[in-house]
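Take a look at the structure set out below.
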Amino acid sequence: MTAPASPSSAPAAAPTLSQDELKAQVGLAALAYVVKGEIVGVGTGSTVNKFIDALATIKDQIKGAVSSSVASTERLRALGIPVFDSNEVEELAVYIDGADEIDHSGFMVKGGGAALTREKIVAAQSKRFVCIADASKLVETLGAFPLPVEVIPMAVQRVMRQFAAMGGIAQVREKGGLPLVTDNGQHIVDVTGLKISDPLAFESEVSQWPGVVTVGVFAHQKADVCLLGTAAGVKTMQFA
């Protein structure tokens, strides 16, 4: 008679990481891209918060940061990291930020945290863009996540009609029952129903619409590297 296998002989199940743990993974991994002795560009959002916490452990090795939002600035300063105005810095070696979506070419949708304009400014100021995200953000085609567009208030309705003509469904983002006001004093329109197959052309077109401050497609300021948090560890994606 064959004896039953002991519990210790069964293969161990792979650990299941929470989304929060995946974000912490990539936040820590991003430290490898921080250039010592330099000022680092820092984005906005829950994944970036993990990076800021990790950055605090090497704060004595950097000059400080340029931040893309009031929220990130407050977190950086609370951890003792100096924050510079972007106008005080000519160029940044690296910008580290998250994404709401990223495709296999490094094109992204960003702006879920309403900081897309400042994020795009800091990205444009940086030699290298390192995106940090969990695996759920990787998509084949951009557009499933509601596309954020920062708009001057007097142009909101007309911009929404232009998206409707494209087949999109636009609505004004609200906070506390009123239109959300960005750090720049503008409103956000979120657009669903789009499939953005040519991100470069789409970004160029919408950016020309009168009243649009910034569209949340990051194609001209795409990622150079993406650190993707997966159950098997951090996957590094390089983009040409």
Side-chain angles (χ1 to χ4, degrees), residues 17-27 29-30 41-51 68-69 72 95-124 126 128-151 159 163 166-171 173 180 182 188-207 212-231 234-240:
L17 299 178
S18 68
Q19 192 175 40
D20 197 57
E21 289 171 321
L22 293 175
K23 291 176 179 181
Q25 260 191 354
V26 294
V42 176
T44 302
S46 57
T47 306
V48 172
N49 284 343
K50 300 294 187 184
F51 167 66
S68 68
S69 70
S72 288
Y95 177 54
I96 296 172
D97 200 0
D100 298 307
E101 289 183 329
I102 184 166
D103 70 11
H104 292 272
S105 297
F107 300 135
M108 298 168 287
V109 165
K110 293 174 50 55
L116 59 161
T117 297
R118 297 189 185 192
E119 289 172 348
K120 199 168 280 192
I121 290 168
V122 183
S126 304
R128 198 178 198 191
F129 190 143
V130 176
C131 174
I132 53 175
D134 65 84
S136 69
K137 305 299 193 298
L138 183 64
V139 299
E140 294 299 322
T141 304
L142 302 178
F145 186 89
L147 173 68
V149 186
E150 186 162 359
V151 181
V159 168
F163 278 117
M166 278 186 167
I169 302 167
Q171 63 181 24
R173 189 182 303 182
L180 178 145
T182 70
I188 296 285
V189 169
D190 290 312
V191 189
T192 56
L194 299 176
K195 290 193 74 173
I196 306 170
S197 57
D198 188 344
L200 281 165
F202 182 92
E203 181 184 0
S204 294
E205 178 185 348
V206 177
S207 295
V212 169
V213 178
T214 306
V215 59
V217 171
F218 281 58
H220 292 284
Q221 278 80 43
K222 73 172 200 171
D224 297 296
V225 178
C226 180
L227 302 178
L228 203 67
T230 75
V234 177
K235 177 182 178 182
T236 302
M237 301 172 67
Q238 301 272 356
F239 308 108

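Since the structure is predicted, the reported quantities are computational estimates derived from the model, not experimental observations.
A salt bridge links D190 with R173; the closest basic N to acidic carboxylate O contact falls under 4.0 Å. Salt bridge status for K110 with D97: present, with a side-chain N to carboxylate O gap under 4.0 Å.
For the residue pair T117 / E150, a side-chain donor-acceptor distance below 3.5 Å is found, with atom types taken as modelled. Donor-acceptor pairing under 3.5 Å is lacking for the side chains of S105 and K222. Residues H220 and S204 bring a donor and an acceptor atom of their side chains to less than 3.5 Å of each other. Residues D20 and S18 bring no donor and acceptor atom of their side chains to less than 3.5 Å of each other.
Atom-to-atom distance recorded for F51:CZ and I96:CD1 is 3.5 Å, nearest 0.5 angstrom. Rounded to the nearest 0.5 angstrom, D198 CG and L142 CG are separated by 10.5 Å. To the nearest 0.5 Å, the span separating CZ on F107 from CD on E203 amounts to 9.5 Å. Annotation: the span from K137 atom NZ to I132 atom CD1 amounts to 11.0 Å, rounded to 0.5 Å. To the nearest 0.5 Å, atom CD1 of residue I188 and atom CD of residue Q171 are 12.5 Å apart. Put simply, CE on M108 and SG on C226 are 8.5 Å apart, with the number rounded to the nearest 0.5 Å.
Between V217 and P199, the closest heavy-atom pair is CG1-O, 3.7 Å. In terms of heavy-atom proximity, Q19 sits nearest to S136 at NE2-OG, 3.6 Å. When all heavy atoms of L116 and V215 are compared, the pair lying nearest together is CD1-C, 3.8 Å. The two residues T182 and L180 have their closest heavy-atom pair at N-CD2, 3.9 Å. Nearest approach of P148 to V109, heavy atoms of both residues: CD-CG1, 3.9 Å. Taking all atoms of both residues into account, the shortest heavy-atom contact from G216 to L147 is C-CD1, 3.8 Å.
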| said: Let's go through D224 and F239 carefully: what are the C-alpha distance in whole Å and the side-chain angles of both, what is the deciding distance for side-chain contact (heavy atoms from CB on, under 4.5 Å) to 0.1 Å, and is it a yes or a no? | reply: CA-CA 5 Å; D224 297 296; F239 308 108; 5.9 Å; no
| query | Can you list the steps and then say if F163 with I169 is a side-chain contact (heavy atoms from CB on, under 4.5 Å)? | reply | CA-CA 7 Å; F163 278 117; I169 302 167; over 6 Å; no
| message | Before you tell me yes or no, could you show the steps for H104 and L138 under side-chain contact (heavy atoms from CB on, under 4.5 Å), namely the whole-Å CA-CA distance, both residues' side-chain angles and the distance that decides it to 0.1 Å? | response | CA-CA 7 Å; H104 292 272; L138 183 64; 3.7 Å; yes
| Should S68 and Y95 be marked as a side-chain contact (heavy atoms from CB on, under 4.5 Å) after you check the CA-CA gap, both sets of side-chain angles, and the distance that decides it? | CA-CA 10 Å; S68 68; Y95 177 54; 3.7 Å; yes
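In this structure, K120 is positioned above the aromatic face of F218, its NZ or CZ under 6.0 Å from the six-membered ring centre and within 45° of the axis.
Around CD of E21, the count of heavy atoms belonging to other residues, nucleotides or ligands within 6.0 Å exceeds 12.
In terms of modelled atom types and a separation under 3.5 Å, the side chain of E101 and the main chain of A144 share a donor-acceptor contact. Under the 3.5 Å distance criterion, the side-chain polar atoms of D100 are matched with a main-chain donor or acceptor of G112.
Put simply, the residue from T230, D134, V234 that forms a side-chain contact (heavy atoms from CB on, under 4.5 Å) with L22 is D134.
Taking the side chain as every heavy atom from C-beta outward, E119 and T44 approach each other to under 4.5 Å. Looking only at side-chain heavy atoms (C-beta outward), V189 and V191 come within less than 4.5 Å of each other.
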